[in-house]
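Take a look at the structure set out below.
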Amino acid sequence: MKVTLHNLTKKYPGRGKGAKTEVIAVNDLNVEIPDGKLIGLLGPSGCGKSTTLNLLSGLQPPTSGRIFFGDEDVTDLTPQERGVGLVFQNYALYPHLTVRQNILFPLQNLKGDARLPKEVMEQKALEAAKLVQIDGLMERKPAELSGGQQQRVAIARALVKMPRILLLDEPLSNLDARLRLQTREEIRRIQRETKITTVFVTHDQEEAMSISDQIVVMKDGVIQQIGKPQEVYDQPKNLFVAKFLGTPPINVFAGQVKGGRLFIGDADVLAAPGVTDQPVFAAVRPEGFELGENAPLSCALTGVEVMGRDITVVATHPDCENTAIRAIISAENQVDAGADTVRFALKPHKVFLFAREDGARLL
Ligand code: ADP
Ligand code: MG
């Protein structure tokens, strides 16, 4: 099922005495989610991810704009009528019901013609449980399950009606690191098997990058960029997106373009063809540095971390806004950890130039 958000806006009124400042949680969103894909909705806390999901599910009405599932305008339909499956951060299972009863619940709630025979309901519950591999735990209560198992039950419950759209709001946040990894692989597998169009909300860029067919990066209710994870990483449209994606984070230098060259301090570091003379931010991915005795960018060396395949060179530079520059280079390089300075050349395709004023991409 293709999903289209058309000029979607959600405003919340200001609260309290004299609070006139309304919040624009979602600001004129236009997104087309292709059928059968998993979309990662990514951005910092408060950027409007949950609001977007609530609008998609029908839990909240938009202030303006329309939502389409396929060609059908669903904007005025209830969550039940839309046929969405929802999973939240806190599993929200019924504590007094068993796993089986929890998964059955949405089916038992079907009314009239939609109601299924009891054996069919049981069969569907078992299939959903098998899909998330908890079919061996059907008679347990939620309190007798681990966090990861509880979240699987929540996913099975969202899948049991075979929703047209699956919506997941930070579903892994309550799990420990290992379970988080494992469960995200599971979600990916289930999504591939069922081919249900899925929106996965997270503030964790690594999670979104690893699981999504496409990511939608948001800030302050506004979409910053939409694309395949690697495309967005390789071609960020603005400084915000460049800084939001990647671990270790991108290294941001205050620089200057003069006569088609990028200068950091007095060092002429790179060609900047077609960029007019102006102050810029030069953002360098950790893998964008190369060592060289006569390389242009001189930094103060603070440490060398050897991690098997790679070496991380930790350094500082007065024009870099990161407290520590982290440069990842191949372990084949020799780095004298006792030296005071280290000199870098920059790989052009790993350096992005942004306008100082508004962070828009220049090169
Ligand atoms: P996210 O899920 O990305 O953390 P939310 O969608 O929850 O962000 O919130 C987006 C913005 O809308 C925030 O500024 C938040 O404070 C505000 N907001 C969310 N829900 C409400 C509400 N019910 N009333 C007023 N403001 C809200
Ligand atoms: Mg949220």
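Remember, it's 1-based here, ligands and their atoms both numbered in the order they're listed.
Looking at Asp28 and Thr9, their side chains never bring a donor and an acceptor atom within 3.5 Å of each other. Residues Glu207 and Thr202 have side chains that bring a donor and an acceptor to within less than 3.5 angstrom of each other. With 3.5 Å as the limit, one finds a donor-acceptor pair spanning the side chains of Asn238 and Gln224. Side chain to side chain, Arg188 and Gln191 meet the donor-acceptor criterion of an N or O pair below 3.5 Å. For the 3.5 Å distance criterion, the side chains of Gln205 and Tyr233 fail to qualify, holding no donor opposite an acceptor.
Inspection of the environment of the Mg ion (ligand 2) yields the following protein N, O or S atoms under 2.8 Å: Ser50 OG.
In the candidate list Pro13, Gly46, Gly221, Gly46 is nearest to atom 11 (C) of ligand 1, counting heavy atoms.
When the salt bridge (Lys or Arg N to Asp or Glu O under 4.0 Å) test is applied to Arg66, the partners found at least two apart in sequence or on another chain are Asp73, Asp76.
Within 4.0 Å of atom 16 (O) of ligand 1, not a single protein heavy atom is present.
Residue contact check for ligand 1: Cys47 places a non-hydrogen atom closer than 4.0 Å to it.
Between Tyr94 and His96, the ring planes are perpendicular. Angles over 60° get that label, and only those under 30° would be called parallel.
Using a 4.0 Å cut-off between heavy atoms, Thr51 contacts ligand 1 through both its backbone and its side chain.
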